[in-house]
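Just so we're on the same page: letters track the sequence lines, and every chain starts at 1.
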Amino acid sequence: MPTQRGLAFVLLIVLLLLVGFVYSNNLAYLLGFLLASIFFVAILHSFKSLAGLTVRAGRQPAVFAGQAGAFNFQIGNPGRHSRYAVHLALQSELAIGLAPAETRTATLYQTTARRGWLQPQTLTVSSLYPLGLFRAWAPLRFDNPLLVYPKPAKRQLPFPESGDGQVAQGLSRRQGDEFYGLRPYQRGDAIRQIHWKTFAKGQGVFSKQYAGAGSSELWLDYQQAPGHNSEERLSQLCRWIVDAEKAGLRYGLVLPNLRVPPDTGAAHYRQCLQALALF
Amino acid sequence: MNGQPSPRLLWFMSGSIGLITLPHAWHMPPLLIGFFGLMWLWRLLAISRPAWLPNRLGLFALTLAGIGLAYSQHRGVFGRDAGTGLFVVALGLKLLEIHGKRDVYVIVYLAFLVAATQFLYEESILMALYILLVCTVLLATLVTQNSVSPQTVPALKTAATLIVQALPITAVLFVLFPRLEAPRWSWLDADNQAKSGLSDTLEPGSIAELSLSAELVFRVKFDGDLPPPGQRYWRGPVYTLFDGSAWKAAPALFRAANPDQPVFDGKAYDYTLMMEPQKQNWVFALELPSAFPAGLRRNELYQLTTNKNPGDRAEYRISSVPSYNTGGINPAERRESLQLPGKPSERIRSLIAQLRGAEASPEALIANLLQHFHRENFRYTLNPEPMPERQVETFLFERRAGFCSHYATAFVYLLRAAEIPARVVGGYQGGRFNTVGGFLEIRQADAHAWAEVWLDGKGWVRFDPTAAIAPERIEQGVNVDLQIASGAANFSPIQFDAKTLTWLQRSQQLWQNVDYQWQRWVINYDTDNQKALLQNLGIDDFVKLGYWLLLSVGGFSGLLAWRLLRPNRRRRDPVLQAYRQFCGKLRKAGVDFGPGDGPQTLAQRAKAVRPDLADTIERIVAVFIRLRYEPSAEAGDLRVLKTLIGSLRV
């Protein structure tokens, strides 16, 4: 596909041929023909600048709605020639060069507005190399969705009342609690709960248990979440989950169609957020 | 990606722009080239110090100054010199204003135009190669522009590759693209630079000046044998009017035609004559041209003239016959050929009487006159003492030393005084043979003047009085190099024997041959040449031409595409390929195995699933292991492996 500069190049060729014609000058003709041939050859080279490239979709971390979604692509150059200019465009753009047999990961961004699965838009791989007269491009579609969690609500509302009548008050409440005992470390326990002293003594890994946290479990219920519509409720639930995880509380999630028993830790956190995202 | 271009790009660009403009320095007004040089230096310095670049206002002022300068030097914007000046000034100004990609492209495109204008001044093969080199750098500038992390050497390499790959298509386009004869526009005509050469007045001194010039006048390639040196007279203007010190060529226009056409007899020479740019529209054909192309005209003085621009190099196919009879003479011509400035003196008349002797025939008089030159200590010299007054008498009776035009003048003067129609003919004599290219080179140093006498029954007959004094001048030509070295005439035999040529002479001839072919096939390729060539190829109309163009351009592009775009084939191991086929067959047979399983594991599982095939499978695996892992494997094993796998029916 000739670019604007390519079209200007054609104009230049016409001008040169005109000089050759008006002055009956064969060398001016020759220069014109040379540029015209280079124009032809440049088409092939433009094509070659992309031909053979391999693009694979990589794994991408989930994000909250409103954050820029980062898509990873593995661009590989299996050939024996360097690629001097490969231009990648999703919503953001990136230009990279690839040495022979080099594979690079390119991260491109796309804005996220809604929760749920987000498919990357068409990835356009293009190149102006070598002369900028032609743009070779290839639209690539990938089935490689990115999980978008709901946008956490701005307002920091207090946690809802738990089933046993206690109100978990987050950070302040937990810090006020008394140390209650140790129990063997379980997957999902927060790192800050680890009792490092026993670990240092070589007695094994134990988690500290607090009186308040141990006895009371935080239930985050869709029905109890404030909001005018489901999105607002989900947004609020998302906020609570983020806060609760930060605070190291044990929390459970109740959605109309799903019930995640209380727990804590990264996997649990992800599970809850995913449930919200896909609700 | 816009914004200030990288220093590397700027170096590339400034370098190529400097190179492209450099040759213009020889013919552009110093003020203009100085202006450009200033801008260029400014740009160069500003590469490391961008703050030094002029601001918008400064640029505007500079632009005004540049335009004013260009206008003042050429009084206009049209024509070769003015246009070139304008382009160069624009290029210089644009160099100072580079903000983004777009400006880089504008500059590079402008530079290509400036490169083309260079060809309007010089068309030598060296200049073409030079421009090709600069074009490589210009293209590399664009490559640099379009690379993410530009590198110098790969950029140049890519540019060179592009050019090399483009050359075949360029050649095809050059040959096949229809050439149209452009109308000549007077305002576009190049101001003809002073060119030396014969003129329509012949002063005895003028040829002496030419004798020191090695400038090429024309080249001749004969189809068959060369005419012997004594017959190599290249006819130019005919001088009939003598005013006592100089000869004037009679205007060929409005002359009454001769009653007879020349009658040719004997061997004809066919040749291709390539005229270098000239002042006059004369074509120096071998005496006497009998057949010539339509654009040429043989005037009543048997001189060929062309209707093309003499400032252009041109090529003609001509036939000449050295043996001819021009027939009768008409009264006007006879009168003209007897014209003398005043009455001849007593001394002259007594000399004529003495030479005429008992016989009265013109032939006898001429023979005696030539004898007289030969006997009476006449000398040939290229720098005779000046003879300001009564030239003919001073020469004949006192100095007795001169060169061709002196002898021809005295000869014709004496014959006219004896009432025999005679005239002086200018042109070139001889030429140096290029053994490499097989053509004659005729230079200004070969300029010559001889005489022509009308004899009853024979017509105009050539006599060369110089031959009576210095026959070697006619037989061997003038050695220009030696003359220039010594400042005087000096004759040395020119060797035609290729073996005795020194390597220097040989390489010189080789180079001249390359130049000749370049001129013939590239510079001089025009409508006529193209038509002839295309007819040889069987292309006689535009439709066919279009097919040829498409076919050849498409063919070359296809070839190139195949070369460029074929996938990077990895060398495949035939053993592994066969093994893969084997695995495929086993999979079809329902054998379950992973990619990490070795051949023996594979065989175990396969035998369990298909006990009926156990034998073959075992043999296949054994051969495969031998081929792959044991040094004792033989070439025949591969064939066995392939046959076994082929015979495996699942």
Side-chain angles (χ1 to χ4, degrees), chain A residues 3-6 8-9 11-13 15-49 51-52 78-87 93-98 100 127-133, chain B residues 1 80 101-102 105-106 109 112-113 115-120 123 127-128 131-132 135 139 142-143 145-151 154-155 158-159 161-163 165-174 177 179-182 185 188 190 312 522-526 553 557 560-561 564-565 567-568:
Chain A
T3 57
Q4 235 175 11
R5 294 181 179 103
F9 195 74
L11 196 72
L12 170 72
I13 292 169
L15 259 167
L16 288 177
L17 294 184
L18 215 62
V19 170
F21 172 69
V22 167
Y23 287 98
S24 299
N25 188 300
N26 266 346
L27 291 187
Y29 267 128
L30 203 57
L31 186 63
F33 293 144
L34 179 70
L35 292 192
S37 314
I38 286 173
F39 192 70
F40 281 133
V41 174
I43 300 176
L44 299 176
H45 278 262
S46 301
F47 184 78
K48 191 189 167 201
S49 66
R80 285 173 287 123
H81 305 281
S82 289
R83 313 287 177 144
Y84 293 100
V86 179
H87 191 250
E93 295 179 5
L94 185 68
I96 56 171
L98 286 168
S127 177
L128 288 169
Y129 193 81
L131 297 180
L133 305 180
Chain B
M1 270 188 289
R80 183 187 70 168
K101 260 185 162 182
R102 205 184 69 97
Y105 274 85
V106 169
Y109 288 1
F112 275 120
L113 274 177
T117 58
Q118 191 60 62
F119 290 137
L120 303 180
E123 299 184 288
M127 180 55 78
I131 295 291
L132 195 66
C135 284
L139 284 183
L142 294 187
V143 174
Q145 165 83 79
N146 286 294
S147 303
V148 173
S149 47
Q151 288 166 295
T158 307
T161 314
L162 274 168
I163 285 187
Q165 290 173 343
L167 282 178
I169 303 178
T170 310
V172 168
L173 284 175
F174 183 78
F177 192 82
R179 282 319 137 78
L180 301 171
E181 202 81 64
W185 288 301
L188 285 174
D312 292 340
V522 180
I523 307 299
N524 208 43
Y525 188 72
D526 60 6
V553 170
S557 316
L560 200 61
L564 279 179
L565 304 179
N568 295 313

Less than 4.5 Å apart, any side-chain heavy atom of [X] and any of [Y]?
| X | Y | answer |
| --- | --- | --- |
| A/Leu128 | B/Lys101 | yes |
| B/Leu132 | A/Leu31 | no |
| B/Thr117 | A/Val19 | no |
| B/Val172 | A/Phe33 | no |
| B/Gln118 | A/Leu27 | no |

Under 4.5 Å heavy-atom distance to chain A, tell me which part of [X] shows up: side chain, backbone, both or neither.
| X | result |
| --- | --- |
| B/Tyr105 | side chain |
| B/Ala115 | both |
| B/Val553 | side chain |

Turns out that what part of A/Leu35 lies under 4.5 Å from chain B's heavy atoms comes down to side chain

A/Phe9 versus chain B, the contacting section by heavy-atom distance below 4.5 Å: both

[X] [atom1] to [Y] [atom2] distance, which is reported to the nearest 0.5 Å:
| X | Y | atom1 | atom2 | answer |
| --- | --- | --- | --- | --- |
| A/Asn26 | B/Phe119 | CG | CZ | 11.0 Å |
| A/His45 | B/Leu560 | NE2 | CG | 6.0 Å |
| A/Ile38 | B/Gln165 | CD1 | CD | 10.5 Å |
| B/Thr170 | A/Leu34 | OG1 | CG | 4.5 Å |
| B/Phe112 | A/Leu15 | CZ | CG | 13.5 Å |

Heavy-atom pairs under 4.5 Å with chain B - which of A/Leu30, A/Leu17, A/Leu16, A/Leu11 has more of them than the others? A/Leu30

Answer key: most heavy-atom pairs under 4.5 Å with chain B among A/Ala51, A/Gly132, A/Ala28 is A/Gly132

List in chain and number order the residues that pass ring pair (Phe, Tyr, Trp, His ring centres under 6.0 Å) with A/Phe40, two or more places apart in sequence or in another chain; answer none if no residue qualifies. none

Ignoring hydrogens and geometry beyond distance, is a side-chain donor-acceptor pair present between A/Tyr129 and B/Thr158 at under 3.5 Å? yes

Which atom of [X] lies closest to which atom of [Y], heavy atoms considered:
| X | Y | value |
| --- | --- | --- |
| B/Ser557 | A/Leu44 | O-CD1, 3.8 Å |
| A/Val41 | B/Ala166 | CG2-CA, 3.9 Å |
| A/Tyr84 | B/Gln151 | CE2-OE1, 3.5 Å |

Just so I understand: if I count every heavy-atom pair under 4.5 Å between each of B/Val143, B/Leu167, B/Leu142, B/Leu139 and chain A, which residue has the most? B/Val143

Working for side-chain contact (heavy atoms from CB on, under 4.5 Å), residues A/Ile96 and B/Val148: CA-CA 6 Å; A/Ile96 56 171; B/Val148 173; 5.7 Å; no

